[in-house]
Participant: 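Please find one structure pasted underneath; my questions will follow.
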Amino acid sequence: MASLSLKHIYKKYPGGVTAVSDFNLEIKDKEFLILVGPSGCGKSTTLRMIAGLEEISEGELFIGDTLVNDVAPKDRDIAMVFQNYALYPHMTVFDNMAFGLKLRKVPKEEIKRRVEEAARILDINHLLDRRPKALSGGQKQRVALGRAIVRNPKVFLLDEPLSNLDAKLRASMRTELTKLHKRVETTFIYVTHDQTEAMTMATRIVVMKDGLIQQVDTPQNLYDLPVNLFVAGFIGTPQMNFLNGKLEMEGDDLYFKFGANAKIKVPADKANNPALKEYIDHEVIAGVRPENIHDEPMYLTSMSDSVVECDVEVTELMGAEIYLYLNFEGSEDATNGKDIIARVSSRSTSRAGDKIRVAFDTTRMHIFDKDTERCIVH
């Protein structure tokens, strides 16, 4: 098994295009690390540099204690699972899984043992005689994983392996991959643009944008303590609401004022933060997650300092909860210009066309610098 160390890694293409900039990361042995970000952020390029499929322009890549910048992909002791499975259509499942071992001249009995063991782990032992065209998308994905497992690699690299599956199968495969990681006890490095996959499977997540690392942390810390506006908006479904407004003192209390005449009181622990005091009488962006906006009477009473009137534009019943799309007079989401979303209990009686009052849980509010987009206080 192996840890990885990426030191000041750059990927530059002819014409001055830089896909990855100054990438620094220590990946622990047996970690499930996920690289996440929008299309074109450099996550797949980073994975391909680790695999040796892309040349590193600058920097050093270590697998264990070995510098592998100039080591051929086949000698890096890694296995890669691609988005399109890359199975040989004329071979059976057994032969697809065994192919890499045959190339390495592994004895036949050892190949049979490894393939059957991997098939048992992935619950595909009944498919070993079939060809890929007779398999479903989920079964093909398991075969691709099995082909990687049989090699007992130091590192698994997975490039958006679930993106071709339907929503239900993707959810079950997430669980299977988490179980697989625990069983094989190998380092997993996984690329996806789906933050739900990242939040549910990773021990740590690397959030990338424009070839740069924005934040590296556990899923919970990314959710609760985002370092900037991009991370706050990228992690979480529906995404965090962002409001343009101004911090103003009224007597001894600090308020965030937004829209035509809406205001919510900033809690004392945030208001007393020295970093925030510098922003009094300045415009800032407040971030509030949908689940921290409430329409139930108990919240309206207990959070009376942060109650605002608004119109309900649309409601979406999601089963156990309802999404309310809210319009505050003179205000809209600062990043997408759309309605503010509240995620409330399915017991909510709010309906489209209603004028209602909602309470913001300001203890969970984030305040961002409008110019740098860095988080000032959580």
Side-chain angles (χ1 to χ4, degrees), residues 195 205 207 209 212-295 299-300 302-310 324 326-343 357-378:
Q195 52 94 15
I205 298 173
V207 182
K209 179 191 178 191
L212 294 164
I213 293 177
Q214 302 294 305
Q215 187 171 355
V216 184
D217 217 324
T218 62
Q220 196 64 53
N221 281 349
L222 282 180
Y223 194 79
D224 294 336
L225 307 168
V227 296
N228 60 28
L229 210 61
F230 176 78
V231 176
F234 194 81
I235 300 293
T237 306
Q239 77 156 52
M240 186 184 286
N241 299 297
F242 298 111
L243 294 156
N244 282 317
K246 194 173 182 183
L247 292 174
E248 292 184 12
M249 295 295 297
E250 286 189 9
D252 294 331
D253 297 324
L254 181 63
Y255 283 85
F256 174 72
K257 298 186 176 182
F258 63 100
N261 53 14
K263 66 177 184 180
I264 53 181
K265 186 178 173 184
V266 179
D269 62 327
K270 297 188 202 299
N272 293 329
N273 187 307
L276 193 62
K277 289 190 173 182
E278 295 178 22
Y279 287 85
I280 293 170
D281 294 325
H282 286 77
E283 289 194 355
V284 293
I285 295 174
V288 184
R289 292 209 179 272
E291 63 268 28
N292 297 322
I293 303 175
H294 306 281
D295 68 342
Y299 291 107
L300 297 174
S302 63
M303 300 175 180
S304 56
D305 288 329
S306 61
V307 174
V308 180
E309 268 200 356
C310 59
L324 304 179
L326 309 173
N327 183 11
F328 298 87
E329 190 184 343
S331 184
E332 58 185 19
D333 188 290
T335 57
N336 62 23
K338 295 178 183 170
D339 297 328
I340 307 303
I341 302 175
R343 186 169 156 185
R357 296 160 74 234
V358 293
F360 287 77
D361 183 353
T362 50
T363 62
R364 311 281 291 173
M365 179 170 70
H366 309 264
I367 299 177
F368 301 88
D369 184 300
K370 195 166 183 178
D371 297 322
T372 65
E373 299 189 350
R374 303 293 295 177
C375 189
I376 308 162
V377 292
H378 295 293

Participant: Should E250 and K263 count as an ion pair when the cut-off is N to O under 4.0 Å?
Facilitator: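 K263 and E250: salt-bridged.
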Participant: Give every residue pair that meets the ring-ring contact (aromatic ring centres under 6.0 Å, His included) criterion with at least one member in residues 213-236, sequence neighbours excluded.
Facilitator: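 The answer is F230-F234.
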Participant: Which heavy atom in T362 sits nearest to a heavy atom in K270, and how many Å separate them?
Facilitator: O-CE, 3.0 Å
Participant: Would M365 and V266 count as a side chain to side chain contact (heavy atoms under 4.5 Å, CB included) here? Give the steps.
Facilitator: CA-CA 9 Å; M365 179 170 70; V266 179; 4.2 Å; yes
Participant: Working note: D339 + N327, criterion side chain to side chain contact (heavy atoms under 4.5 Å, CB included); need CA distance, chi angles, decisive distance, verdict.
Facilitator: CA-CA 6 Å; D339 297 328; N327 183 11; 4.2 Å; yes
Participant: Please report the C-alpha distance between F256 and V288 in whole Å, then the side-chain angles of each, then the deciding distance to 0.1 Å, and finally whether the side chain to side chain contact (heavy atoms under 4.5 Å, CB included) criterion is met.
Facilitator: CA-CA 12 Å; F256 174 72; V288 184; over 6 Å; no
Participant: Looking only at heavy atoms, what is the nearest atom pair of N221 and D217, with distance?
Facilitator: ND2-OD1, 3.0 Å
Participant: With side chain to side chain contact (heavy atoms under 4.5 Å, CB included) as the criterion, how do Y279 and I376 come out once you've worked through the C-alpha distance, each side chain's angles and the decisive distance to 0.1 Å?
Facilitator: CA-CA 9 Å; Y279 287 85; I376 308 162; 3.6 Å; yes
Participant: For atom CZ of R343, decide whether the heavy atoms of other residues, nucleotides or ligands shown that lie under 6.0 angstrom number more than 12.
Facilitator: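 Result for CZ/R343: enclosed.
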Participant: Is the distance between the ring centroids of F242 and F368 less than 6.0 Å?
Facilitator: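 Judged by ring-centre distance (under 6.0 Å), F242 and F368 do meet the cut-off.
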Participant: With rounding to the nearest 0.5 Å, note down the distance linking CG in N244 to CD in E283.
Facilitator: 7.0 Å
Participant: Starting at CG of L324, measure out to CG of D295 and round the result to the nearest 0.5 Å.
Facilitator: 5.5 Å
